[in-house]
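Step one of this worksheet: look at the structure below.
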Amino acid sequence: MSLDTISLSNFVGYLRNNGWNRMKDFPNPNVFVFSHDIVDSSPISVLLPAKESFPDYHQRLHFALGILSDFENRSRDLIFKDIISYDSPTDKLEIRIVSSFAEDGAIPLSYASNLIKGLKNLIVSAAYTEELPQRVFKRASQKAQSYSDFFKLGQTAHGSYVVTVESGSLVNDDIEIAIENDTLITEPFSRRVMKRIHKSMHQIESFNDENNKLNDLVERGYTEGINANICDALLSFYDENESVKLESKIKYSKAIENTEQLPEKITLNSSDYHIIKVLAEALREKKSEDVELEGYISKLSSNSELTHGSINIISTYENKRHSVKLELNQDDYKRACDAHKEKKQVRITGVIDTSGKTWEVVELKSFQVL
């Protein structure tokens, strides 16, 4: 880490972009003072020299990096990297792999192979779907396949396992013009690919929201986000034998203004694997029909606040016994507890992932105590 590579403008830009405000009335003109509010505490301050030529420039930067490291709970190296790339003409997609096999910042080679292959397929699928939005495609165009070479695998970071995918330069990157509300908007193709990936993951994350149902994603989701091929690529990030959580972030280049607001961090949990799998099948136009099952509750599980819970029921379907797991809201979970206590059967209707040993209800339509 060489402090010679940090420009004052990049450091100031990084601070402003991350919620730090400059104290313009500070009496010493040779020092820039930035402050950041802290909940239930006094604001924290960072001091920077007003000129790179000052003799204490490097010393001040070193001290400022230490404050940021403590404040952001990240290493100096990671913050240093973000500062020097602040004005970079590339977007960066970070995917954090949170799992027991990645706790020390390393991953097994077998998983690494699937991860690299999945990242390439994710980029190719997003690029081709951006070219030609459709629910599923059999083969991507040569242009989309070659476009994966435009992206680079950046340096991994510690903290579980974080992989970074960098776009090529956004400057002169196949800029197309769209008209929205009589305003011309130009956006490079590689940014649209990045945003489609992030949007796809956000669609899955928010799948269980009241206004985001399976049919909505199947009918309209692919126009700006997910399709079956992107689902397949995301599925390759999961492991059959271990619980895996994915956390995604995009750091947009300041060279091109970002025109759409998505959450800064998107999280996909292990349970989302089944949602992605069912969604992939539905997007391939394999009809996901509602299934009605009846049975006795065999297992109850809830969070400490009892705001929701999951149950397993034992049910017979087409002359075979199956264990079926489903998530319930607070009221239905309480009814399930009473039904289990009173040894009553329950009836469920919904879309079910039947691929595993234990079936999973992906979209619950109704829950009744008989």
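Computed from heavy atoms alone, side chains included, the values below leave out hydrogens, waters and symmetry copies.
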Are D353 and K277 ion-paired here, with the side-chain N under 4.0 Å from a carboxylate O?
-> no
Take L279 and F207 through the test side chain to side chain contact (heavy atoms under 4.5 Å, CB included) and record every step on the way to the result.
-> CA-CA 10 Å; L279 181 57; F207 176 81; 5.6 Å; no
Note: K92-D82 ion pair, threshold 4.0 Å (strictly below) = no
Hey, are E219 and R135 close enough for a salt bridge, meaning a charged N less than 4.0 Å from a carboxylate O?
-> yes
Is the number of heavy atoms from other residues, nucleotides or ligands within 6.0 Å of CG (L132) greater than 12?
-> yes
Does a sphere of radius 6.0 Å around OH in Y317 hold more than 12 heavy atoms from other residues, nucleotides or ligands, not counting ones at 6.0 Å or beyond?
-> no
Drop me the distance from K245's NZ to N269's CG, to the nearest 0.5 angstrom.
-> 6.0 Å
Side chains of Y111 and I97 in contact at under 4.5 Å (non-hydrogen atoms) | yes
Is the shortest heavy-atom distance from the side chain of I38 to the side chain of F71 under 4.5 Å?
-> yes
Extract all donor-acceptor atom pairs below 3.5 Å that involve side chains of residues 335-350 and protein atoms in other chains or at least two apart in sequence.
unit_1, atom_1, unit_2, atom_2, d
R335, NH1, D332, OD1, 2.8
H340, ND1, I297, O, 3.2
E342, OE1, K344, NZ, 3.2
R347, NE, E294, OE2, 2.8
R347, NH1, Q368, OE1, 3.4
R347, NH2, E294, OE2, 2.8
T349, OG1, S366, OG, 3.3

Does Y14 reach the main-chain N or O of I79 with its side chain, forming a donor-acceptor pair under 3.5 Å?
-> no
Output yes when a side-chain donor or acceptor of S146 lies under 3.5 Å from a complementary backbone atom of K143, and no otherwise.
-> yes
Heavy-atom side-chain proximity of L268 to F237 below 4.5 angstrom = no
What do you reckon, is CG of N28 surrounded by more than 12 foreign heavy atoms closer than 6.0 Å?
-> yes
Spacing of NZ belonging to K249 relative to CG belonging to L93, to within rounding of 0.5 Å | 12.0 Å
Salt-bridge test for R220 and D216: reply yes if a basic N is under 4.0 Å from a carboxylate O, no otherwise.
-> yes
Are V351 and L214 side-chain neighbours, meaning at least one heavy-atom pair lies under 4.5 Å?
-> yes
Passes side chain to side chain contact (heavy atoms under 4.5 Å, CB included), R139 versus Q142? Steps please.
-> CA-CA 9 Å; R139 183 176 175 81; Q142 287 294 326; 3.9 Å; yes
Got more than 12 heavy atoms from elsewhere within 6.0 Å of NZ, K152?
-> no
Hey, what do you get for CG (L234) to CG (N121), rounding to the nearest 0.5 Å?
-> 10.5 Å
Counting only N and O atoms by type, is there a donor-acceptor contact under 3.5 Å from the side chain of T358 to the main-chain atoms of S323?
-> no
To the nearest 0.5 Å, how far apart are OG in S243 and OH in Y273?
-> 13.0 Å
Tightest non-hydrogen contact, residues G19 and H36, listed as O-CD2, 3.3 Å
Beyond-backbone contact of I67 with L47, side-chain heavy atoms, under 4.5 angstrom | no
For the residue pair F11 and I83, establish whether any side-chain heavy-atom pair is separated by less than 4.5 Å.
-> yes
If you take all heavy atoms of P49 and F32, which pair is closest and at what distance?
-> O-CD1, 4.2 Å
Report the distance from atom CG of N227 to atom CZ of F137, rounding to the nearest 0.5 Å.
-> 6.0 Å
Check: N312 side chain, S298 main-chain N or O, donor-acceptor pair, under 3.5 Å = no
Take S310 and E327 through the test side chain to side chain contact (heavy atoms under 4.5 Å, CB included) and record every step on the way to the result.
-> CA-CA 4 Å; S310 65; E327 300 287 332; 3.5 Å; yes
Before giving the answer on ring-ring contact (aromatic ring centres under 6.0 Å, His included), spell out for Y147 and F189 the whole-Å C-alpha distance, their side-chain angles and the decisive distance to 0.1 Å.
-> CA-CA 10 Å; Y147 204 75; F189 185 72; 5.0 Å; yes
Any donor-acceptor pair under 3.5 Å from S236 side chain to A233 backbone = yes
Write down the atom of E166, the atom of M194, and the distance for their closest heavy-atom approach.
-> C-CE, 4.3 Å
Interatomic spacing from CD1 in I197 to CD1 in I95 - rounded to 0.5 Å | 7.5 Å
Side chains of F34 and R16: closer than 4.5 Å at any heavy-atom pair?
-> yes
So, S113 side chain and L109 main chain: donor-acceptor pair closer than 3.5 Å or not?
-> no
Would you confirm whether E52, through its side chain, and S7, through its main-chain N or O, come within 3.5 Å as a donor-acceptor pair?
-> no
Would the number of heavy atoms belonging to other residues, nucleotides or ligands and lying under 6.0 Å from CD of Q59 be above 12?
-> no
Using modelled atom types only, decide if a donor and an acceptor are shared between the side chain of D91 and the backbone of S253 within a distance under 3.5 Å.
-> yes
What are the two closest heavy atoms between G225 and R196, and how far apart are they?
-> O-NH1, 2.8 Å
Side chain S35, main chain I44, donor-acceptor under 3.5 Å | no
If we only count heavy atoms from C-beta on, is the L68 to W20 side-chain gap below 4.5 Å?
-> yes
Does the side chain to side chain contact (heavy atoms under 4.5 Å, CB included) test come out yes or no for L48 and L15, once each step is laid out?
-> CA-CA 11 Å; L48 297 178; L15 290 174; 3.8 Å; yes
So among E130, E224, E205, which one has a salt bridge (charged side-chain N to carboxylate O under 4.0 Å, His left out) with K199?
-> E224
Using atom types as modelled and distance alone, determine if a side-chain donor or acceptor of S200 lies under 3.5 Å from a backbone N or O of I226.
-> yes
